[in-house]
Amino acid sequence: MREHGGWMADAPPRPVTVVTGSSRGIGAAIAEALARAGHRLVLTARDGAGLEAVAARLRELGTEAIAVAADLRTPGAAESVIARATAEFGAPDVVISNAGTAPADKIEKTTDAVLRETFELHVGAPLAFARAAAPAMKARGSGCLLHLASTAGLRGFPFTAAYTAAKHGMVGLARALRAELAPAGIAVYALCPGFVDTAITRQAAAAVAARGRSTADEAFARMAAQNRIGRMHTPAEVAAAAAELVARRPDGCVYDLDRDVPGFVD
Ligand SMILES: NC(=O)c1ccc[n+]([C@@H]2O[C@H](COP(=O)([O-])OP(=O)(O)OC[C@H]3O[C@@H](n4cnc5c(N)ncnc54)[C@H](OP(=O)(O)O)[C@@H]3O)[C@@H](O)[C@H]2O)c1
């Protein structure tokens, strides 16, 4: 076989993979792990410059990568991203629904607007991506949809009513999609890490510090202590788990990473 940009020229075509929320954090780490595994990447988030920087890094690894800036709470955004991916590389083989925000407040301050926006991003966007990507996956008889969920999709955490409810919705959506799409050859996963050291957790710790309750470092340490593994996950270990599920497509749906021995809940 001939090597071409790190990929064998007469090997099967590289999978086409969309990663949402890939301008930084866990999404960028997953995109890099999949680039190293030979995927062609379609990156999407709102921050076009951040996406371009990640895409440039992936191209340096020898793969193809494009950036499609979009606010995924906008109706039609997922369909536009899938259309752009299809025009550039062909219909996506894999969609990683990772984009998210993590609003945190006590229940008295959790507004309907926050709840609605959180559900739009964590449930509405993955549903729209599944709706747009599934027809080509069904026609091919293979595909993979992976939701970056959370242990907040498996159990309750204080001061996160909107986020915890939305992550339970994201996990439930994965279960429903798997029940519907597995017979067509499409694997569906909800990957559930505990707290991960990214901008979301750093901002949450800073917000606690701003309210004067403790330092940001103390707040960060308290979050890490809520993980059953007793420490923060790293974006790289979440990305490695996602890449493993995408590559092996094991039987199962909801994967709890916050355990000494990570594994499927169901
Ligand atoms: N960090 C944790 O402790 C943790 C734990 C469990 C699960 N998770 C989940 O992991 C995922 C990634 O989180 P992270 O920690 O990597 O956070 P992060 O560093 O803040 O990254 C979030 C990503 O989502 C994108 N995004 C946010 N709102 C968007 C919108 N309206 N439209 C399109 N893209 C949007 C952001 O890009 P733009 O701002 O450029 O749009 C960014 O690329 C989230 O679903 C989160 O719930 C995180």
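The analysis underlying the following values was restricted to heavy atoms, covering all of them including side chains, and did not include hydrogens, waters or symmetry mates. Because the structure is predicted, anything quoted here is derived from the model rather than measured. Each residue takes its place number in the sequence, starting with 1.
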Let me see the working for M223 and M232 under side-chain contact (heavy atoms from CB on, under 4.5 Å), right down to the final yes or no. CA-CA 8 Å; M223 280 187 248; M232 284 276 173; 3.7 Å; yes
Evaluate I200 against F195 for side-chain contact (heavy atoms from CB on, under 4.5 Å), listing each step before the verdict. CA-CA 9 Å; I200 279 184; F195 288 96; over 6 Å; no
Apply the test side-chain contact (heavy atoms from CB on, under 4.5 Å) to residues V18 and L43: give CA-CA distance (whole Å), side-chain angles for both, the deciding distance (0.1 Å), then the verdict. CA-CA 6 Å; V18 176; L43 309 178; over 6 Å; no
Between V19 and V42, is the side-chain contact (heavy atoms from CB on, under 4.5 Å) condition met? List the steps. CA-CA 6 Å; V19 184; V42 178; over 6 Å; no
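Side chain of T160 to backbone of Y163: no donor-acceptor contact under 3.5 angstrom is found. The closest donor-acceptor contact from the side chain of T164 to the backbone of A161 lies at 3.5 Å or more, if one exists at all. Using modelled atom types, no side-chain atom of R46 and backbone atom of A69 make a donor-acceptor pair closer than 3.5 Å. Listed for the Y189 side chain is no donor-acceptor partner under 3.5 Å among the backbone atoms of L148. Judged by distance alone, with hydrogens and angles left aside, the side-chain atoms of R57 form no donor-acceptor pair with the main-chain N or O of V54 at under 3.5 Å. Using modelled atom types, one side-chain atom of E237 and one backbone atom of T234 make a donor-acceptor pair closer than 3.5 Å. Judged by distance alone, the side chain of T110 and the main-chain N or O of K106 form a donor-acceptor pair under 3.5 Å. A donor-acceptor pair under 3.5 Å is formed between the side chain of T201 and the backbone N or O of V196. Between the side chain of H233 and the main chain of V238, no donor-acceptor pair closer than 3.5 Å is present. Side-chain atoms of D256 do not come within 3.5 Å of backbone N or O of G263 as any donor-acceptor pair.
At least one side-chain heavy atom of F264 sits under 4.5 Å from a side-chain heavy atom of P250. Counting heavy atoms from C-beta outward, L173 and H147 have side chains that approach closer than 4.5 Å. Contact of the R40 side chain with the P15 side chain is not registered, since no non-hydrogen atoms from C-beta on lie closer than 4.5 Å. Side-chain contact between L181 and K138: present, with at least one pair of heavy atoms (C-beta onward) separated by less than 4.5 Å. Put simply, the side chain of F129 reaches to within 4.5 Å of the side chain of I82, judged on heavy atoms. Looking only at side-chain heavy atoms (C-beta outward), Y255 and C192 stay at 4.5 Å or farther from each other.
Taking every heavy atom of both residues into account, V188 and A174 meet most closely at CG1-O, 3.5 Å. The minimum heavy-atom distance between T151 and G194, with the atom names listed, is OG1-CA, 3.4 Å. Of all heavy-atom pairs spanning S214 and V208, the tightest one is OG-CG1, 3.7 Å. When all heavy atoms of T215 and A209 are compared, the closest pair comes out as C-CB, 4.0 Å. Nearest heavy-atom pair, A35 versus L61, reported as atom, atom and distance to 0.1 Å: CB-CD1, 4.3 Å. The shortest heavy-atom contact between P135 and A130 is CD-O, 4.5 Å.
Within a 6.0 Å sphere centred on CZ of R211, other residues, nucleotides and ligands contribute more than 12 heavy atoms. A 6.0 Å sphere centred on CZ of F159 holds no more than 12 heavy atoms belonging to other residues, nucleotides or ligands.
For the atom pair CZ (R155) and OG (S150), the distance works out to 8.5 Å, reported to the nearest 0.5 Å. How far CG of L41 is from CG of L51: 11.0 Å, rounded to the nearest 0.5 Å.
Hydrophobic cluster membership differs between L245 and L177, with clusters built from Ile, Leu, Val, Met, Phe, Trp and Tyr side chains linked at under 4.5 angstrom. By the criterion of side-chain heavy atoms lying less than 4.5 angstrom apart, applied directly or through intervening Ile, Leu, Val, Met, Phe, Trp or Tyr residues, L257 is grouped together with I26 in one hydrophobic cluster. In this structure, V171 is a member of the same hydrophobic cluster as V265, with clusters built from ILVMFWY side-chain heavy atoms closer than 4.5 Å. Placement of F119 and M170 in two distinct hydrophobic clusters is found when ILVMFWY residues are connected by side-chain heavy-atom separations under 4.5 Å, directly or transitively. A continuous path of Ile, Leu, Val, Met, Phe, Trp and Tyr side chains, each step under 4.5 Å between heavy atoms, connects V246 with L58, placing both in one hydrophobic cluster.
When only modelled atom types and interatomic distance are considered, R14 and T63 share a side-chain donor-acceptor pair under 3.5 Å.
Comment: E218 does not engage R222 in a salt bridge, judged by the lack of any side-chain N to carboxylate O separation of less than 4.0 angstrom. Using a cut-off of 4.0 Å between Lys/Arg side-chain N and Asp/Glu carboxylate O, E79 and R131 are scored as salt-bridged. The pair R178-D266 fails the salt-bridge criterion, with no side-chain N (NZ, NE, NH1 or NH2) lying under 4.0 Å from an Asp/Glu carboxylate O. With salt bridges taken as basic N to acidic carboxylate O contacts below 4.0 Å, none links R24 and D47.
Residue pairs meeting the side chain to side chain donor-acceptor pair (under 3.5 Å) criterion with at least one partner in residues 116-126, sequence neighbours excluded, are H122-K167.
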Please report, to 0.1 Å, the donor-acceptor pairs under 3.5 Å made by any side chain of residues 92-105, with sequence neighbours excluded.
residue: D93; atom: OD1; partner: R140; partner atom: NH1; Å: 2.9
residue: D93; atom: OD2; partner: V16; partner atom: N; Å: 2.7
residue: N98; atom: ND2; partner: T20; partner atom: O; Å: 3.0
residue: N98; atom: ND2; partner: G21; partner atom: O; Å: 3.0

